[in-house]
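What follows is a set of notes on a single structure, which appears directly below.
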Amino acid sequence: MVAITAVLLFIGARMSRRFEPYIRQQAVEYMEKRFESEAELRALSMEIPKLSPLRLLYTRGRGVLVTVRGEGIALRHRGRRDIAPMFEMDRFEFQVDLGRVFDKEKRIARVVLDGMKIHVPPKGERPALGRTEQSGAPAVVLEEILIRNGKLVILPRVKGRNPLQFDLHRVRLQPTGAGKAMKYEAELTNPKPPGAVKSRGTFGPWNAGDPGDTNLAGEYVFENADLGVFKAIAGTLRSTGSFRGSLSSFEARGTAQVPDFRLKRSGNRVPLSTEFEAVVDGTNGNTTLRPVRALLGSTRFTTSGAIIRHDGDRRRTISLDVNMPDGNLTDLLRLAMKGQPSMEGRIDLKTRIDVPPLSGKVIEKLILDGRFAIREGKFLKSSIQDKIDSLSRRGQGQPKSEEIDEVFSVMNGAFRMEDQAIEFRELAFGVPGADIRLAGGYDMDADKLDFRGDLRLKAKVSQTMSGWKRWALKPVDPFFSKKGAGTFLRIQVTGSSSSPQFGRERKK
């Protein structure tokens with residue numbers, strides 16, 4: 001009897017010592033075959049409840065949960081050492097039923113991964129590997145995967161550039177079976193603009209042959225994003241929406257609100273909200289905008305285009321087409337100018353916006369090219385509006401009429417803005433009784449106007465005056481009645497945007 005007991009104790013002890021190397025071998029084999037990678041595992045330990053070897057022998061470990069911990073894990077895709085490991089983990093931990101370790105299918109309730117880094121190489125550098133599901137890997141069913149304090153790093157196509165990096169605070173994955181997408185819940189930080197993202201949806205199945213093509217879909221909430229990290233704009237953004245695609249390229253649609261949107265140049269806040277659809281290349285951040293519907297203050301407009309970075313460029317190129325069929329001029333002026341707007345009215349605007357990948361401030365490299373039309377325009381500064389009212393009175397031949405007051409203006413033109421200067425190929429301005437046609441430019445940095453053109457009045461020169469001057473000027477009326485106008489004059493406009501000066505054109 002003593003001999004039999006001794007033999008049983010010896011066999012039980014041998015079984016206990018067999019578990020650790022077997023679990024290590026199974027873990028490494030699973031990772032290598034599942035992800036087509038060379039696995040590195042610095043350390044693995046097991047915490048086995050204190051049980052007698054005799055009990056282990058009789059129960060074969062059934063019901064005994066062993067905690068397995070690993071440290072220093074790296075998975076190198078097909079053994080490649082010229083790029084970062086596909087996966088890195090500081091630590092992992094899971095529990096396994098000892099009695100099922102040697103079963104054909106192993107079932108693990110939860111795996112916790114701490115400090116995990118996922119590196120997704122650019123598409124052109126991913127090897128073509130064929131199959132995504134590997135046969136021969138140990139059959140392991142993971143019921144839940146929890147990632148803590150991880151990072152998703154999408155590597156750039158151009159060497160030396162900073163990768164696109166997302167901080168994964170907490171990700172919970174629920175596998176639904178081999179070859180099927182798994183459910184996920186995630187909390188992460190967006191890199192630029194920085195802000196908190198919460199998302200849920202589906203991920204997978206994992207594409208071992210090309211990880212960047214692994215499917216991804218879900219919904220998100222993006223909050224407290226600081227737009228102040230950009231040079232030209234500021235405000236706090238909140239966005240909600242959905243997305244579908246892969247790790248390296250996806251389509252997104254949703255809404256975004258910036259209640260305190262502003263240009264740093266002016267500092268005036270105008271609420272902005274948008275409904276958007278976009279295609280995003282995760283490997284380089286290139287974004288293609290499908291028609292985006294936006295509301296700036298009370299002004300609706302649409303925009304489409306792309307924000308891209310070409311090979312060799314350090315900065316992105318922005319190319320957008322903007323269509324604003326019936327905007328509130330005050331909204332635009334409040335956004336663009338310091339202080340209070342100087343004019344109100346309705347504006348129709350079509351323009352192309354280009355920001356080339358040059359060094360310097362955005363305002364210094366901004367290029368606009370388009371057309372605009374202002375109707376029902378009225379200047380809010382009395383000094384300017386008084387001059388406009390006076391022009392209308394004289395143009396209608398009623399220089400003393402107090403009934404002609406607070407007249408509306410119309411304006412339209414074609415323009416190009418570059419190097420902080422606006423060139424107007426044509427600029428037409430009109431009030432009842434008077435029309436002005438100009439060409440010239442405006443230096444935004446110096447706030448300096450320089451236009452040349454003509455003034456056409458409905459009234460004759462003598463009718464623009466009152467009293468004795470009206471009669472004295474009648475003989476010269478024929479000299480100024482030209483081109484179908486009662487009065488035709490060559491003029492120039494100089495001064496500043498807040499105090500324009502009108503006068504007869506002087507020969508240069």
Side-chain angles (χ1 to χ4, degrees), residues 329 333 342-348 371-416 421-443 447-508:
L329 180 60
L333 294 178
S342 58
M343 192 176 181
E344 64 181 21
R346 309 303 299 178
I347 181 171
D348 302 334
R371 300 189 65 89
F372 74 96
I374 297 174
R375 62 187 188 278
E376 301 176 15
K378 179 181 175 183
F379 289 91
L380 301 177
K381 292 187 177 181
S382 58
S383 59
I384 300 177
Q385 186 62 40
D386 288 345
K387 293 179 181 179
I388 300 301
D389 293 339
S390 177
L391 175 64
S392 183
R393 293 186 191 110
R394 293 181 184 277
Q396 296 179 70
Q398 304 177 57
K400 294 295 184 180
S401 175
E402 295 298 328
E403 294 181 1
I404 301 176
D405 189 44
E406 300 292 320
V407 299
F408 287 119
S409 308
V410 294
M411 185 184 301
N412 61 77
F415 64 92
R416 179 179 174 84
I422 305 179
E423 176 191 356
F424 288 88
R425 299 183 290 275
E426 55 183 87
L427 180 63
F429 175 78
V431 293
D435 289 296
I436 299 174
R437 298 176 184 177
L438 300 169
Y442 170 52
D443 187 327
D447 191 18
K448 184 178 179 181
L449 300 169
D450 185 14
F451 290 92
R452 300 290 187 276
D454 57 65
L455 167 66
R456 300 167 189 246
L457 303 180
K458 181 178 180 181
K460 296 181 179 180
V461 170
S462 62
Q463 294 172 331
T464 65
M465 299 297 175
S466 61
W468 66 269
K469 292 182 180 179
R470 191 180 189 98
W471 299 104
L473 290 174
K474 278 188 175 293
V476 301
D477 282 346
F479 296 98
F480 292 96
S481 295
K482 301 176 182 178
K483 300 185 178 183
T487 300
F488 179 87
L489 293 172
R490 295 293 301 175
I491 65 170
Q492 66 182 29
V493 182
T494 57
S496 65
S497 60
S498 60
S499 182
Q501 304 298 314
F502 297 84
R504 293 285 298 275
E505 182 180 17
R506 299 190 183 112
K507 298 295 183 182
K508 291 186 178 181

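All residue numbers refer to positions in the sequence shown, counting from 1.
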[atom1]-[atom2] distance between [X] and [Y], expressed to the nearest 0.5 angstrom:
X    : Y    : atom1 : atom2 : result
Q463 : R394 : CD    : CZ    : 13.0 Å
D450 : F424 : CG    : CZ    : 12.5 Å
L438 : D454 : CG    : CG    : 7.5 Å
L455 : I436 : CG    : CD1   : 5.5 Å
Q492 : F451 : CD    : CZ    : 12.5 Å

Ion pair check, [X] and [Y], cut-off under 4.0 Å:
X    : Y    : answer
R371 : D348 : no
K378 : E406 : yes
K458 : D435 : no

Tell me the closest heavy-atom pair linking [X] and [Y], and the distance in Å.
X    : Y    : answer
I404 : S392 : CG2-OG, 3.7 Å
R375 : V410 : CA-CG1, 4.1 Å
V431 : S409 : CG1-OG, 3.5 Å
S466 : K400 : OG-CE, 3.3 Å
P399 : M465 : CG-O, 3.4 Å
L427 : M411 : CD1-CG, 3.8 Å

Next item on the list: Let me see the working for Y442 and D447 under side chain to side chain contact (heavy atoms under 4.5 Å, CB included), right down to the final yes or no.
Entry: CA-CA 7 Å; Y442 170 52; D447 191 18; 2.7 Å; yes
Next item on the list: Dump the intermediate steps for side chain to side chain contact (heavy atoms under 4.5 Å, CB included) on L457 and L391, then the final yes or no.
Entry: CA-CA 9 Å; L457 303 180; L391 175 64; 4.1 Å; yes
Item checked: CA sep, side-chain torsions, deciding dist, call: Q385, V407, side chain to side chain contact (heavy atoms under 4.5 Å, CB included) -> CA-CA 8 Å; Q385 186 62 40; V407 299; 4.1 Å; yes
Checklist line | Side-chain donor/acceptor of Q501 to backbone N/O of S499, under 3.5 Å | finding: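 A pair under 3.5 Å: yes.
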Notebook entry, point to check: Can you check side chain to side chain contact (heavy atoms under 4.5 Å, CB included) on F408 and I388, steps first, answer last?
Noted result: CA-CA 9 Å; F408 287 119; I388 300 301; over 6 Å; no
Next item on the list: Answer yes or no: are there more than 12 heavy-atom neighbours, outside R346 itself, under 6.0 Å from its atom CZ?
Entry: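 More than 12 heavy atoms, drawn from other residues, nucleotides or ligands, come within 6.0 Å of this atom.
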Next item on the list: Name all pairs fulfilling the side chain to side chain donor-acceptor pair (under 3.5 Å) condition that reach into residues 470-490, sequence neighbours left out, sorted by first residue then second.
Entry: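 Listed once each, the pairs are S462-D477, R490-E505.
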Margin query: Under the side chain to side chain contact (heavy atoms under 4.5 Å, CB included) test against M343, which residue among L333, L380, I384 passes?
Written below: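 For M343, the side chain to side chain contact (heavy atoms under 4.5 Å, CB included) test succeeds with only one of L333, L380, I384, which is L333.
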